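Notes follow once the structure below has been shown.
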Amino acid sequence: QVQLVESGGGLVHIGGSLRLSCAASARTSSTNVMGWFRQAPGKEREFVARISWGGSTSYADSVKGRFTISRNNAVNTVTLQMDSLKPGDTAVYYCAASRVFSDAATAYDIWGQGTQVTVSS
């Protein structure tokens, strides 16, 4: 079973930047698509961004233009660069892997443990 380990969360002021990283323990068809989701207290888990093996990307409207997802297939890592952060971005961020290119959390079979991102004023 492939494991995902996130890193890079923390506390940042409004307008600041953070970079999240996710390392997969192996490359399989289960990691064809890598995605980031987030969950704020009292809210549903929501899609943030995804990237295919070939580099195709998709973003939630709320982060488009501010967040950038990328992956390094040689070392099985995916990165989420988050710029111009807002208080509404505060959440636990999860890395996830899927066989299919989808926004739906149910399409992702493998999940990391999550990393906290807090944007303060």
Side-chain angles (χ1 to χ4, degrees):
Q1 174 76 347
V2 176
Q3 293 182 325
L4 304 177
V5 179
E6 302 105 333
S7 61
L11 175 65
V12 65
H13 291 299
I14 292 175
S17 298
L18 279 176
R19 178 185 293 252
L20 305 183
S21 293
C22 174
S25 59
R27 157 77 178 119
T28 72
S29 59
S30 297
T31 60
N32 279 347
V33 178
M34 300 295 294
W36 287 96
F37 290 77
R38 65 187 183 186
Q39 188 167 19
K43 294 189 176 181
E44 297 282 324
R45 188 169 297 189
E46 65 174 2
F47 165 75
V48 175
R50 65 175 188 258
I51 185 167
S52 70
W53 175 261
S56 296
T57 59
S58 179
Y59 297 90
D61 287 343
S62 60
V63 306
K64 206 170 291 184
R66 301 187 297 120
F67 290 12
T68 303
I69 189 171
S70 60
R71 67 188 293 170
N72 184 333
N73 293 330
V75 292
N76 298 326
T77 59
V78 60
T79 299
L80 185 69
Q81 176 67 40
M82 305 186 294
D83 299 317
S84 302
L85 284 161
K86 306 174 181 179
D89 295 317
T90 295
V92 177
Y93 283 70
Y94 296 91
C95 175
S98 174
R99 299 174 187 272
V100 298
F101 202 62
S102 172
D103 290 351
T106 53
Y108 290 75
D109 302 312
I110 305 169
W111 292 82
Q113 80 284 358
T115 186
Q116 177 70 45
V117 170
T118 302
V119 183
S120 71
S121 56

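This one's a predicted model, so the numbers in the text were calculated from it and none came from an experiment.
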>> Using the rule that Ile, Leu, Val, Met, Phe, Trp and Tyr join whenever any side-chain heavy atoms are under 4.5 Å apart, tell me whether Phe47 and Val92 fall into a single cluster.
In response: yes
> What pair of heavy atoms forms the shortest contact from Ser30 to Ile110, and how long is it?
Replying inline: CB-CD1, 3.8 Å
> Which atom pair, heavy atoms only, marks the closest approach of Val100 to Ala107?
Replying inline: CG2-CB, 3.9 Å
>> Atom CD of residue position Gln3 - does it have more than 12 heavy atoms of other residues, nucleotides or ligands inside 6.0 Å?
In response: no
>> Please check this pair: side chain of Glu6 against backbone of Gln113, looking for a donor-acceptor N/O pair closer than 3.5 Å.
In response: yes
> Can you name the closest pair of heavy atoms from Ser17 and Asp83 and give their distance?
Replying inline: OG-OD1, 2.7 Å
> Under a 4.5 Å cut-off applied to non-hydrogen side-chain atoms, are Cys95 and Trp111 in contact?
Replying inline: no
> Which pair of heavy atoms, one from Ser52 and one from Phe101, lies closest together, and at what distance?
Replying inline: N-CE1, 3.8 Å
>> Using only atom types and a distance under 3.5 Å, with no angle test, would you say the side chain of Tyr59 pairs donor to acceptor with the backbone of Ile69?
In response: yes
> Which atom names give the shortest non-hydrogen contact between Ala104 and Ser102, and what distance separates them?
Replying inline: N-OG, 3.0 Å
> In the single-linkage hydrophobic clustering (I, L, V, M, F, W, Y; side-chain heavy atoms under 4.5 Å), do Val48 and Val12 co-cluster?
Replying inline: yes
> How many angstroms lie between atom OH of Tyr94 and atom CG of Leu20, to the nearest 0.5 angstrom?
Replying inline: 13.0 Å
>> What's the separation between atom OG1 in Thr68 and atom CZ in Arg19, rounded to the nearest 0.5 Å?
In response: 9.0 Å
> With the threshold set at 4.0 Å, does a side-chain nitrogen-carboxylate oxygen contact exist between Asp61 and Lys64?
Replying inline: yes
> Does one hydrophobic cluster hold both Ile51 and Leu80, with members joined at side-chain heavy-atom distances below 4.5 Å?
Replying inline: yes
> Which distance, rounded to the nearest 0.5 Å, do you find between the CZ of Arg66 and the CG of Leu85?
Replying inline: 6.5 Å
>> Nearest 0.5 angstrom please: Asn73 CG to Thr77 OG1, how far?
In response: 8.5 Å
> So which heavy atom on Arg99 is nearest to which on Ser29, and how close?
Replying inline: NH1-OG, 2.6 Å
>> Let me confirm one number: the CZ-CZ distance from Arg45 to Arg38, rounded to the nearest 0.5 Å.
In response: 13.0 Å
> Is there side-chain contact between Met82 and Val117, with heavy atoms separated by less than 4.5 Å?
Replying inline: yes
> Do the side chains of Thr31 and Asn76 get nearer than 4.5 Å, heavy atoms only?
Replying inline: no
> Is it true that Leu4 and Val33 fall in one hydrophobic cluster, defined by side-chain heavy atoms closer than 4.5 Å?
Replying inline: no
> Taking Thr79 for the side chain and Ser21 for the main chain, is one N or O donor matched with an acceptor at less than 3.5 Å?
Replying inline: no
> So, do Tyr108 and Phe37 have ring centers that fall under 6.0 Å from each other?
Replying inline: yes
> Rounded to the nearest 0.5 Å, how far apart are CE of Met34 and OG of Ser98?
Replying inline: 10.0 Å
